[in-house]
Engineer: 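Right, I'll just put the structure down here and ask away after.
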Amino acid sequence: GPKVLQIPSHQIIDMGQMVTLNCDPVSNHLYFYWYKQILGQQMEFLVNFYNGKVMEKSKLFKDQFSVERPDGSYFTLKIQPTALEDSAVYFCASSPLGGNTLYFGAGTRLSVL
Amino acid sequence: AQSVTQPDARVTVSEGASLQLRCKYSYSGTPYLFWYVQYPRQGLQLLLKYYSGDPVVQGVNGFEAEFIKSNSSFHLRKASVHWSDSAVYFCAVSAQGGSAKLIFGEGTKLTVSS
């Protein structure tokens, strides 16, 4: 089936540093999402993105977070600066126009020390 | 507000036994309903989805789910489980229309014992 790729699979950084998580969505998809999953807990919606704009974001999407997809390349989640509570697995997803089915990547495990 | 509840955090069944994983949702309107499975260190994979029509939907690997509107439920079933079904299962709901975000339940960790 369609594949969403996330790079890297694991990233370790010091608190206060900036981190960028990369997502290569399914090629013809138009909607993009980030979800956060703390170990053993449910997936929580962070943000969705369409046509170069954030459409909706949750309260978990703090001011330190930003997303973009420059020139149709990677869809990125940037956290600047990072905090300890940002440690989690971040999943990217994409969906086609008119489709509600989300396709998820394998996630990036972010460890903030 | 939309929400999804999976009342069973962990379920253990013997290989070959039948399975039901429970899911109840709260949503004002007509929802889209999904079941996803998450294997260790992997992303979520879609098992099945319900949009409309026949309330019993078939998914991959012998899974099915039944939408019961009067009960606000969308339980997942399988007639005979295999050890490879061990994983975490998530029920999710979304609004109709493109870009609608998924709201997930807490997940149910299924262990199939041999």
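In this text the structure is predicted, and so the values were computed from the model without any measurement.
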Engineer: Please say yes or no: joined through hydrophobic side-chain contacts below 4.5 Å, possibly via intermediate residues, are B:Leu44 and A:Phe32 part of one cluster?
Structural biologist: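 In one cluster with B:Leu44: A:Phe32, no.
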Engineer: Measuring from atom CZ of B:Phe104 to atom CD of A:Glu44, what distance do you get when rounded to the nearest 0.5 angstrom?
Structural biologist: 11.0 Å
Engineer: Name the region of B:Tyr36, side chain, backbone, both or neither, that has any atom closer than 4.5 Å to a heavy atom of chain A.
Structural biologist: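 For B:Tyr36, the contact with chain A is made by the side chain alone.
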Engineer: Which residues in residues 104-113 of chain A have a heavy atom less than 4.5 Å from any heavy atom of chain B?
Structural biologist: A:Phe104, A:Gly105, A:Ala106
Engineer: Under 4.5 Å between side-chain heavy atoms, counting indirect links through other Ile/Leu/Val/Met/Phe/Trp/Tyr residues: same cluster for A:Phe65 and A:Tyr35 or not?
Structural biologist: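 Per the 4.5 Å side-chain linkage, A:Phe65 and A:Tyr35 are not co-clustered.
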Engineer: Is it the case that more than 12 heavy atoms not belonging to A:Lys3 sit under 6.0 Å from its NZ atom?
Structural biologist: no
Engineer: If you take all heavy atoms of B:Leu102 and A:Phe45, which pair is closest and at what distance?
Structural biologist: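 Closest approach of B:Leu102 to A:Phe45, heavy atoms only: O-CB, 4.4 Å.
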Engineer: Counting only heavy atoms not in A:Phe61, do more than 12 sit closer than 6.0 Å to its CZ atom?
Structural biologist: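 More than 12 heavy atoms, drawn from other residues, nucleotides or ligands, come within 6.0 Å of this atom.
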Engineer: Taking side chain as everything from C-beta outward and backbone as N, CA, C, O, which of these in B:Leu46 sits under 4.5 Å from a heavy atom of chain A? Side chain, backbone, both or neither.
Structural biologist: side chain
Engineer: Using the rule that two of Ile, Leu, Val, Met, Phe, Trp, Tyr join whenever any of their side-chain heavy atoms come within less than 4.5 Å, decide whether A:Val89 and A:Ile7 are in one cluster.
Structural biologist: no
Engineer: Under a 4.5 Å heavy-atom cut-off, does chain A meet the side chain of B:Gln45, its backbone, both or neither?
Structural biologist: neither
Engineer: When hydrophobic residues are tied together by side-chain contacts of less than 4.5 Å, even through go-betweens, does A:Tyr33 share a cluster with A:Leu60?
Structural biologist: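 Unlinked, A:Tyr33 and A:Leu60 end up in two clusters.
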Engineer: Using non-hydrogen atoms only, which part of A:Gln37 is less than 4.5 Å away from chain B: side chain, backbone, both, or neither?
Structural biologist: side chain
Engineer: Give the member of B:Gly43, B:Gly107, B:Ala9, B:Ala92 that has the highest number of heavy-atom pairs under 4.5 Å with chain A.
Structural biologist: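 Between B:Gly43, B:Gly107, B:Ala9, B:Ala92, the count favours B:Gly43.
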Engineer: Are B:Tyr50 and B:Val37 in one and the same hydrophobic cluster, where Ile, Leu, Val, Met, Phe, Trp and Tyr link if side-chain heavy atoms are under 4.5 Å apart?
Structural biologist: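 Yes, one cluster joins them.
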Engineer: With the side chain counted from C-beta on, respond yes when A:Gln41 and B:Glu106 share a heavy-atom pair under 4.5 Å apart, and no when they do not.
Structural biologist: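 In short, these two side chains do not touch, never coming nearer than 4.5 Å.
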Engineer: We want to know whether A:Gln42 and B:Gln6 form a side-chain donor-acceptor pair, criterion being a heavy-atom distance below 3.5 angstrom.
Structural biologist: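 No.
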Engineer: Could you go through A:Thr101 and B:Tyr32, starting from their C-alpha distance and side-chain angles, then the distance that decides it, and tell me whether this counts as side-chain contact (heavy atoms from CB on, under 4.5 Å)?
Structural biologist: CA-CA 9 Å; A:Thr101 301; B:Tyr32 289 164; over 6 Å; no
